[in-house]
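Since the structure is predicted, the reported quantities are computational estimates derived from the model, not experimental observations. Worth knowing before you read on, the calculation uses all heavy atoms, side chains too, and leaves out hydrogens, waters and symmetry mates. Labels below follow one simple rule: chain letters A, B, ... track the order of the sequence lines, proteins then strands, and each chain is numbered from 1.
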2 protein chains.
Amino acid sequence: MQLEEAKLKYIQTWGSLATSWGVNKTMAQVHALLLVSTKPLSAEDIMEALQISRGNVNMNVRALIDWGIVQKEFVVGERKEFFVADKDIWELFKQITKERKKREIEPVLRVLEELQQVDENSDEAAQFKQVLGDLSKVTTSVNNILDKAIKADEHWLLSNFTKVMKK
Amino acid sequence: MQLEEAKLKYIQTWGSLATSWGVNKTMAQVHALLLVSTKPLSAEDIMEALQISRGNVNMNVRALIDWGIVQKEFVVGERKEFFVADKDIWELFKQITKERKKREIEPVLRVLEELQQVDENSDEAAQFKQVLGDLSKVTTSVNNILDKAIKADEHWLLSNFTKVMKK
DNA sequence: TTAAACTTTCAATAATTATTGAAAATAAAA
DNA sequence: TTTTATTTTCAATAATTATTGAAAGTTTAA
């Protein structure tokens, strides 16, 4: 397989994985493109490579910057902005984990807690609280694990876990 | 807060969490409804509770059954089908993990591996392979952890992990 | 200053995804 | 059988989400 072909296929694959996890396809593709690029890319470069509009590039690049996984970079002698993705995949993983945790898991935990405030004493209410409690317990545990992941270094995933898994 | 209000709010919350993780909102709501229901529900019950069409109920209930997190149940003297959700949240977590791993993570791992077959020797190709390799490494590790979770009992999440986290 | 280069915004539009509802299929009862 | 209850399917439609592109905004250089 040729390099260019492989790159394209990788960008496509990443885009469709993103879709099934609720991430905008183009955003994932822009990130994938920057990840396999050897040099910083301008908005124009991205427009051309992915055949998308200027507005679309702008929106998605900004979102990636907001997620903390893409940075602006200035190129000497060039007036326009260029963009690069951090090539450290472990950092990428941590950053995405951190953001999704903050944006999606934590707010749900807060709601689950709030809902425990049902002031009824029926069996049904008890059962409901039980379900909520179980849900909170599992969600909190997951949340804690992700916290640990965010703070840990790369070896945490590769070795520390392996130990636990072999038990 | 009253029980009914809390149940509704819970169903809504679960629906919106689902949306941001690429799961159909109605599917999550149907599941949430069954989870907090004290008795098996018929298609009609679900239609009424969530104000959705018969077809929609059918589609989503089947999807939930396909995911292994909802079961059919027969009620004596009733001709129609009823549905229940397993109330064991840990089982739910394991089942969802198992399915998403199988449907989404594993296929991507296969593509990443395939893409390593780039037959070029340039620096650029080397860098690309490096990125792919790193991506595979992290994805494989996550995949392994999820495997462990699927096989483990409830205490794995709650205690075994706590230990690791306190290190 | 002003003009040119570039970025951002956002209403209009397109693409995608979810939902309806009625007809067809299936299963149980008469 | 035939009738009736129930489930399934799927084309049409609605709702949601993503994308365009041109105008407005901003920055830099002359």
Side-chain angles (χ1 to χ4, degrees), chain A residues 11-34 40-67 70-84 100 103-104, chain B residues 11-34 40-67 70-84 100 103-104:
Chain A
I11 290 168
Q12 290 309 122
T13 303
W14 219 236
S16 52
L17 177 69
T19 302
S20 59
W21 286 83
V23 173
N24 179 297
K25 192 183 80 185
T26 305
M27 183 169 152
Q29 290 184 332
V30 171
H31 182 260
L33 176 65
L34 291 172
L41 301 183
S42 68
E44 247 109 29
D45 296 334
I46 299 171
M47 285 169 67
E48 195 184 343
L50 303 179
Q51 292 291 302
I52 57 178
S53 73
R54 182 176 297 283
N56 200 6
V57 168
N58 189 272
M59 297 288 236
N60 284 294
V61 164
R62 302 192 102 263
L64 288 166
I65 291 174
D66 186 40
W67 273 72
V70 159
Q71 288 82 41
K72 280 189 188 175
E73 198 163 287
F74 296 96
V75 170
V76 286
E78 286 275 15
R79 200 155 138 185
K80 58 189 163 197
E81 295 175 328
F82 287 77
F83 307 97
V84 289
R100 296 204 76 150
R103 297 174 196 215
E104 293 147 14
Chain B
I11 291 167
Q12 289 310 121
T13 303
W14 220 235
S16 51
L17 177 68
T19 303
S20 59
W21 286 84
V23 173
N24 178 297
K25 191 183 80 185
T26 305
M27 184 169 151
Q29 290 184 332
V30 171
H31 182 260
L33 175 66
L34 292 172
L41 301 182
S42 68
E44 249 107 30
D45 296 333
I46 299 171
M47 284 168 68
E48 195 184 342
L50 303 179
Q51 293 291 302
I52 57 177
S53 74
R54 183 175 296 283
N56 200 4
V57 168
N58 188 271
M59 296 287 238
N60 284 293
V61 164
R62 302 194 101 263
L64 288 165
I65 291 174
D66 186 39
W67 274 70
V70 159
Q71 288 81 42
K72 280 189 189 176
E73 197 163 289
F74 295 96
V75 170
V76 286
E78 286 275 15
R79 200 155 139 182
K80 58 189 163 197
E81 295 175 327
F82 288 77
F83 307 97
V84 289
R100 295 205 76 150
R103 296 174 196 214
E104 293 147 14

Next on the checklist: Please determine whether a side-chain nitrogen or oxygen atom of B:Asn58 lies at a distance below 4.0 Å from atom OP1 or OP2 of D:dT8.
Outcome noted: yes
Next on the checklist: For a quick test of reading the model: is some side-chain N or O of B:Arg54 closer than 4.0 Å to OP1 or OP2 of D:dT8?
Outcome noted: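 For D:dT8, OP1/OP2 do not have a side-chain N/O of B:Arg54 under 4.0 Å.
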Nearest-angstrom distance from the residue atom [atom1] of [X] to [atom2] of [N]:
X: B:Arg62; N: D:dT6; atom1: CZ; atom2: P; result: 18 Å
X: A:Lys80; N: D:dA29; atom1: NZ; atom2: C1'; result: 16 Å
X: B:Ile46; N: D:dT6; atom1: CD1; atom2: C1'; result: 14 Å
X: A:Glu81; N: D:dT26; atom1: CD; atom2: C1'; result: 11 Å
X: A:Glu78; N: D:dA29; atom1: CD; atom2: P; result: 12 Å

Checklist entry - Which heavy atom of A:Pro40 sits nearest a heavy atom of A:Glu73, and at what distance? => result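 Closest approach of A:Pro40 to A:Glu73: CG-OE2, 3.3 Å.
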Checklist entry - For A:Arg100 and A:Val23, what are the C-alpha separation, side-chain angles and deciding distance, and is it a side chain to side chain contact (heavy atoms under 4.5 Å, CB included)? => result CA-CA 11 Å; A:Arg100 296 204 76 150; A:Val23 173; 3.6 Å; yes
Next on the checklist: For B:Asn56 and B:Leu50: C-alpha separation, side-chain torsions, deciding distance, then whether side chain to side chain contact (heavy atoms under 4.5 Å, CB included) applies.
Outcome noted: CA-CA 11 Å; B:Asn56 200 4; B:Leu50 303 179; over 6 Å; no
Checklist entry - Among C:dT7, D:dT28, D:dT7, which nucleotide sits nearest the side chain of A:Arg79? => result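 Nearest to the side chain of A:Arg79 among the choices is D:dT28.
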Item to check | Heavy-atom side-chain proximity of A:Asp45 to A:Phe83 below 4.5 angstrom | outcome: no
Item to check | Residue pair B:Phe82, B:Phe74: steps toward the side chain to side chain contact (heavy atoms under 4.5 Å, CB included) verdict | outcome: CA-CA 6 Å; B:Phe82 288 77; B:Phe74 295 96; over 6 Å; no
Checklist entry - side chain to side chain contact (heavy atoms under 4.5 Å, CB included) between B:Trp67 and B:His31: does it pass, once the steps are laid out? => result CA-CA 11 Å; B:Trp67 274 70; B:His31 182 260; over 6 Å; no
Checklist entry - Quick one: what's the B/S/- string for nucleotides 12-19 of chain D, heavy-atom cutoff under 4.0 Å, read 5' to 3'? => result -----SSS
